Amino acid sequence: MEEEASMKFFSDQNTSYADILPPHEARARIEVSVLNLLRVLNSTDPAISDLSLINRKRSNSCVNKGILTDVSYIFLSTSFTKSSLTNAKTAKAFVRVWKVMEMCFQILLQGKRVTQRELFYKLLCDSPDYFSSQLEVNRSVQDVVALLRCSRFSLGIMASTRGLVAGRLSLQEPGKEAVDCSACGSSGFPISGDLNLLDNTIITSDARYIILVEKHAIFHRLVEDRVFNHIPCVFVTAKGYPDIATRFFLHRMSITFPHLPILALVDWNPAGLAILCTFKFGSVGMGLEAYRYACNVKWIGLRGDDLNLIPQESLVPLKPKDSQIAKSLLSSKILQENYREELSLMIETGKRAEIEALYCHGYNYLGKYIATKIVQGKYI
């Protein structure tokens, strides 16, 4: 009887990915899951079944190394965790799943899109006993994604974004005039958080490179200097750790222009490498959607062989947080050998260097630095 009561919404429980669905299909999956729960509750031997959810811990992650392509990405294996109403530790998490699912159903019915931040405040207002932090909402959203096997965007949840793009690129959203990203000034053009809109935007470019920039200030300098006129490129930044929309946009660029190298300019420290790896491989925290945001990013700088360009006084000691990130990266299955060597050098020297340290050669040096690296093919 216990086996019969278990909730299996879909037969293929071993496929760790999330579908992109139109609203009516996403609503149908929610309805099926609710009907399954009601069937269990109304059975002759009613029982609250466990929710079997994909384990989103690093120990359950694997790396798919491309054979016909250079793109590798993180995906989740077939290890599951259980959330049950009868377990005091997981009871609230069990209820949160259904609360979020209910909210998503209403959002889809209304034909709206909301950010996870907006969703948090609505849930905080409607169900304060179950939601007290953004993290609880984020985890519950991923639980719903894992349960229904559909992307968060299919559930009406829009990505918040910090991303900007500038350079030799034209973007034409449906029903609107094309935007010339070389004429948007040093502020660049904001990347939309509407993934459906990004997916349907017409993208054209005569660039030869896509340059991913970790820092907003560096992006601003490169665009203000119109470096894209000297190096035919497109500049993209997420202003630090990458948001979903910027990752999706870069992934879309990599598919639209598969011949364009994507070169990352990040600080020479563990955090900079972590940012690069998130763009390159995706992240475990994205659960079943991780693979949708991976693209073949190459590391152009800063790197260990650039330290001779930087005055010793510009090198600063690694912080405790740097050491934690380094330890996490070294334990990861995704880190390729030449990246491990760079990370080991950081740990060995106990130093870190920021891109701004190159300004010792003048404020216009960054363009020359990137051009030299490209000409010499010095990216890994």
Side-chain angles (χ1 to χ4, degrees), residues 162-169 179-191 205-243 246 249-250 253 260-276 279 297-319 322 342 345-346 349 351-380:
R162 302 181 303 275
L164 301 170
V165 60
R168 300 169 83 123
L169 186 74
V179 174
D180 179 0
C181 293
S182 68
C184 294
S186 58
S187 297
F189 185 74
I191 295 169
S205 176
D206 65 349
R208 293 180 61 188
Y209 307 94
I210 300 169
I211 300 178
L212 177 62
V213 184
E214 174 186 350
K215 293 179 168 178
H216 183 212
I218 301 298
F219 173 90
H220 187 279
R221 168 56 50 210
L222 291 167
V223 176
E224 186 173 78
D225 292 348
R226 301 188 69 80
V227 171
F228 51 78
N229 285 340
H230 310 290
I231 305 170
C233 67
V234 176
F235 289 112
V236 177
T237 185
K239 302 180 186 176
Y241 193 81
D243 57 273
T246 305
F249 178 77
L250 196 68
M253 289 273 288
L260 296 188
I262 304 174
L263 310 176
L265 182 63
V266 299
D267 286 340
W268 191 70
N269 60 25
L273 179 54
I275 288 170
L276 187 155
F279 276 110
V297 178
K298 304 288 188 182
W299 190 0
I300 195 170
L302 290 175
R303 298 211 316 275
D305 58 6
D306 295 321
L307 297 184
N308 62 324
L309 299 172
I310 298 171
Q312 282 296 310
E313 54 267 29
S314 294
L315 300 176
V316 296
L318 290 177
K319 299 176 181 178
D322 289 318
E342 289 280 346
L345 182 60
M346 294 175 201
T349 60
K351 300 290 186 180
R352 50 183 282 165
E354 298 191 352
I355 302 166
E356 287 90 343
L358 292 172
Y359 287 154
C360 66
H361 301 284
Y363 289 114
N364 62 346
Y365 180 72
L366 278 179
K368 297 175 184 177
Y369 167 84
I370 294 170
T372 301
K373 286 272 190 171
I374 289 174
V375 170
Q376 295 177 349
K378 285 191 174 180
Y379 38 84
I380 56 178

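Quick caveat: nothing in here was measured; it's all calculated off a predicted structure.
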Which pair of non-hydrogen atoms, one from [X] and one from [Y], has the smallest distance, and what is that distance?
{"X": "Leu164", "Y": "Pro190", "answer": "CD2-CA, 3.8 Å"}
{"X": "Gly304", "Y": "Trp268", "answer": "N-NE1, 3.3 Å"}
{"X": "Thr246", "Y": "Gly163", "answer": "OG1-CA, 3.2 Å"}
{"X": "Gly272", "Y": "Asn269", "answer": "N-OD1, 2.7 Å"}
{"X": "Met253", "Y": "Ile210", "answer": "CE-CD1, 3.7 Å"}
{"X": "Gly188", "Y": "Ala166", "answer": "CA-CB, 4.1 Å"}

Does the side chain of [X] reach to within under 4.5 Å of the side chain of [Y], using non-hydrogen atoms?
{"X": "Ile355", "Y": "Leu366", "result": "yes"}
{"X": "Arg226", "Y": "Ser182", "result": "yes"}
{"X": "Glu214", "Y": "Leu265", "result": "no"}
{"X": "Ile370", "Y": "Leu222", "result": "yes"}
{"X": "Ile374", "Y": "Ile300", "result": "yes"}
{"X": "Lys351", "Y": "Leu307", "result": "no"}
{"X": "Pro270", "Y": "Leu318", "result": "yes"}

Sequence neighbours left out, cut at 3.5 Å: what donor-acceptor pairs do the side chains of residues 227-241 make with other protein atoms?
residue: Thr237; atom: OG1; partner: Val213; partner atom: O; Å: 2.8
residue: Thr237; atom: OG1; partner: Lys239; partner atom: N; Å: 3.0
residue: Tyr241; atom: OH; partner: Thr278; partner atom: OG1; Å: 3.3

* To do: Scan for ring pair (Phe, Tyr, Trp, His ring centres under 6.0 Å) pairs involving residues 361-380, sequence neighbours excluded, and state none if there are none.
  => Tyr359-Tyr363, His361-Tyr365
* Asked: By salt bridge (Lys or Arg N to Asp or Glu O under 4.0 Å), which residues pair with Glu342, not counting sequence neighbours?
  ->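 Only Arg303 meet the salt bridge (Lys or Arg N to Asp or Glu O under 4.0 Å) criterion with Glu342.
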* Worked check of salt bridge (charged side-chain N to carboxylate O under 4.0 Å, His left out) between Asp305 and Lys373 -> CA-CA 11 Å; Asp305 58 6; Lys373 286 272 190 171; 3.6 Å; yes
* Enter the distance from Leu302:CG to Leu273:CG here, rounded to the nearest 0.5 Å. =>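 Leu302 atom CG to Leu273 atom CG measures 12.5 Å (nearest 0.5 Å).
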* Structure fact -> One should read off an interatomic distance between Trp299 CH2 and Leu212 CG, to the nearest 0.5 angstrom, of 13.0 Å
With sequence neighbours excluded, what pairs up with [X] under the side-chain hydrogen bond (donor to acceptor under 3.5 Å, both in side chains) test?
{"X": "Asp322", "result": "Arg352"}
{"X": "Asn308", "result": "none"}
{"X": "Ser186", "result": "His220"}

* Is it true that atom CD of Gln376 has more than 12 heavy atoms of other residues, nucleotides or ligands lying nearer than 6.0 Å? -> yes
* CZ (Arg208) with more than 12 external heavy atoms under 6.0 Å ->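 It does not: Arg208 CZ has 12 such atoms or fewer within range.
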* Thinking salt bridges, do Asp306 and Lys378 make one under a 4.0 Å N-O criterion? ->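 Between Lys378 and Asp306 there is no salt bridge, as every charged N stays at least 4.0 Å from the carboxylate O atoms.
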